[in-house]
Structures are given as structure tokens and as C-alpha cells.
Amino acid sequence: MLSYIGRSSHLAPGLKGSVQVVSNGVKGVIPGVKVGEEASVKVPPQPLSLTTYSLAKKCPTGPLAARVGLTASSQVRYAHTDLQVPDFGFYRRDDVKDSRRKSEESAGSRRAFTYMLVGGGTVGSMYGAKTVVTQFISSMSASADVLAMAKIEINLDEIPEGKSVTFKWRGKPLFVRHRTDSEIETENAVDLASLRDPETDNDRVVNPKYLVLIGVCTHLGCVPLADAGDFGGYYCPCHGSHYDGSGRIRKGPAPLNLEVPEYSFPQDGLLVVG
């Protein structure tokens, strides 16, 4: 067994002579096998490494094989291949397929088509965005039943002079009082310096004969009682806030006067709140 391994070692030089290499643009490889000084095949000297271009000019361009002996052989494979450039003629415009035609001849029509496409896309996008925004805002608006409750019409002829009537408006109590001439004079004679939230009576009414207030106490949101309290106006029994005949706070913990909503008199005897 050992003698067989020893005899097979003489085959190593022959096996090493059969190699396969790939050349590149930096180093040209020309393989060969040289046995002794009097070998039948001489290996060419390696080209001088200068630049990729100069090396490419010096390297062989065809297949090369060098043989020495009966079984030893070498082969060279080059990295470059025959690449086929794809044909994009199917995607080109008909007016630019002819290479003999100047590109300036069709530039105007192509530019006009591009402008038309961009302009049409812009207009369509803006219209679509406008529609989306309009639908979104419309979805947040009040429904028809809510809009119907936004305003209330009150027949003033049904409210006797010196009386206060309570209505429901937007889920809140609405106080409408038909005041007498003496009540109007009393409220106009109040000293503003004595008020916690100073306001004249004329600033709180459109028509002095009718006082329109939202019946929510400005302290903690309770509902005051009409025609009650120390000042003949409104009284909140929950925490003891007293309002006068103009809805101004005169006594108790409430910090502000009763709120006056927006209202108008479109015609005689008709009050519209909201």
C-alpha cells in the first residue's frame, strides 16, 4: 500500500499542470507548463501592467490551449461575453423610430402631448380632491332635524305683560319675559358700580319690553327659577344666586350674568331666537 502511494506521487506534476483560470482587465493570464530548460513549449512573458485599456490590447482575443506531455493541459476562459442589446422599438413612438429623422421635428407634438397629459391629470386631481373635501365637510354638518331645532319662533302675543314664559331651545331652557314699564325703569336706575358683572340694561335687550335669556346659572349650570329672588328677577335655589330683572348677578356665588342669545324681531309680535 505504501509503495503504491509512493509511486503515485510522480503523477503530481502532471495533475498540477491541468488548471483552469479566468482573466480580467487588471491582470492578463496566459497559462502554460514548462518542464526543464529545453521544453518544447515556451510560456510568453506576462504583459506589463499599465492600464485596463493597454492590457486589453495586449491580451489574446481567442481561445488558447497549451499542452505539454500526453495528459497535462491548460485552458483559458475570458470574462467578457457576447451581450445582446435588447430592442425597445415596441415602446418607441412611431415618429421617432426613423433614425434619419431629426428629433426636433417631433419635439413639438411630444411636448404638447406631455403638457396636455399633465394638465388633464392636474385638473382631474383637483376636482377629485374638491369632491372629497366637500363630502367630508358635509358629513360633519348638522342633520336636518338638528337644523330645525337651531331656531325657534315665539308668538309674543301669548305672553302677558309682567309674566315670564320658559321654552326649550337647543336642549336648554329659554326665558322670555314681557316686562312692564316700571320694571324697565328699575333696571335702568341700577348703579353699575354695584354690579359684579357690569352691564347696562340697554346692552342686554333689543326691545326693552322683552327680556330674552338662557336659563342656565353661570355658577354650576343649574336652572334658576323665574320671578323669584331678592331682586325680583331669577333665583337659583341650588347655591343661592340672585339675578335681577335684567338677568344680572346681584348676590350669590355666580360670577357672570345670565347669557343673552342671538334673537331678532322680524315682524311685530314675532320673536325668532337663533
* Hey, does L225 have a side-chain heavy atom less than 4.5 Å from the side chain of P237? -> yes
* Asked: Which value, rounded to the nearest 0.5 Å, describes the distance between I214 atom CD1 and W169 atom CH2?
  -> 5.0 Å
* Structure fact -> Heavy atoms of R196 and A254 approach each other most closely as NH1-O, 2.6 Å
* To do: Enter the distance from F167:CZ to L174:CG here, rounded to the nearest 0.5 Å.
  => 7.5 Å
Donor-acceptor contacts under 3.5 Å from residues 127-136 side chains, at least two apart:
residue: T131; atom: OG1; partner: Y127; partner atom: O; Å: 2.9
residue: T134; atom: OG1; partner: K130; partner atom: O; Å: 2.7

* Asked: According to a 4.5 Å side-chain heavy-atom criterion applied to Ile, Leu, Val, Met, Phe, Trp and Tyr, with indirect links allowed, do I249 and F231 form part of one hydrophobic cluster?
  -> no
* To do: May I have the step-by-step check of side chain to side chain contact (heavy atoms under 4.5 Å, CB included) for I154 and I159, ending in yes or no?
  => CA-CA 9 Å; I154 300 174; I159 304 177; 4.3 Å; yes
* Asked: How many angstroms lie between CG in N207 and OG in S264, if you round to the nearest 0.5 Å?
  -> 12.0 Å
* Mind checking whether P253 and S241 have side chains closer than 4.5 Å, heavy atoms only? -> yes
* Structure fact -> Across all chains, not counting sequence neighbours, the side-chain hydrogen bond (donor to acceptor under 3.5 Å, both in side chains) partners of D157 are none
* To do: State which residues pass ring pair (Phe, Tyr, Trp, His ring centres under 6.0 Å) with F265; sequence neighbours excluded, sorted by chain then number.
  => Y263
* Asked: When Ile, Leu, Val, Met, Phe, Trp and Tyr are grouped by side-chain heavy atoms lying under 4.5 Å apart, directly or through other members, which residues fall in the same group as V123?
  -> none
* Asked: Can you list the residues that meet the side-chain hydrogen bond (donor to acceptor under 3.5 Å, both in side chains) rule with T166, with sequence neighbours excluded?
  -> none
* Asked: Judged by atom type as modelled, is there a donor-acceptor pair below 3.5 Å linking the side chain of R204 to the main-chain atoms of E199?
  -> no
Less than 3.5 Å apart, which donor and acceptor atoms pair up between the side chains of residues 188-195 and the rest of the protein, not counting sequence neighbours?
residue: N188; atom: ND2; partner: I184; partner atom: O; Å: 3.1
residue: D191; atom: OD1; partner: A193; partner atom: N; Å: 3.3
residue: S194; atom: OG; partner: D191; partner atom: O; Å: 2.6

* For E161, what residues pass the salt bridge (Lys or Arg N to Asp or Glu O under 4.0 Å) criterion, not counting sequence neighbours? -> K209
* Structure fact -> Applied to residues 213-233, the salt bridge (charged side-chain N to carboxylate O under 4.0 Å, His left out) test, sequence neighbours excluded, yields R177-D227, D230-K251
* Structure fact -> Here the ring pair (Phe, Tyr, Trp, His ring centres under 6.0 Å) pairs for residues 184-209, sequence neighbours left out, are none
* **Atom of Y234, atom of P224 and distance for their closest heavy-atom approach** => CB-CB, 4.2 Å
* Structure fact -> Note: G229 and H242 closest approach over all heavy atoms is CA-ND1, 3.5 Å
* Once you round to the nearest 0.5 Å, how far does SG of C236 lie from CG of L220? -> 8.0 Å
* To do: Start with the C-alpha distance between Y243 and Y235, add both sets of side-chain angles, then the distance that settles ring-ring contact (aromatic ring centres under 6.0 Å, His included), and finish with yes or no.
  => CA-CA 6 Å; Y243 301 89; Y235 170 67; 9.3 Å; no
* pair R111-T114: side-chain heavy atoms closer than 4.5 Å -> no
* Does L270 sit in a hydrophobic cluster with other residues, and if so which ones, taking ILVMFWY side chains as linked at heavy-atom separations under 4.5 Å, directly or through other members? -> V272
* Asked: Where the side chain of R248 meets the backbone of L256, is there a donor-acceptor pair that is under 3.5 Å apart?
  -> no
* For the pair D201 and R179, find out whether any cationic side-chain nitrogen is under 4.0 Å from an anionic carboxylate oxygen. => yes
* Asked: Just how far is it from atom CG of L211 to atom CG of D244, taken to the nearest 0.5 Å?
  -> 9.0 Å
* Asked: What residues, two or more places apart in sequence or in another chain, satisfy ring pair (Phe, Tyr, Trp, His ring centres under 6.0 Å) together with Y210?
  -> H178
* **salt bridge (charged side-chain N to carboxylate O under 4.0 Å, His left out) contacts touching residues 258-269 (sequence neighbours left out)** => none
* **V212 to V260 - nearest heavy-atom pair and separation** => O-CG1, 3.7 Å
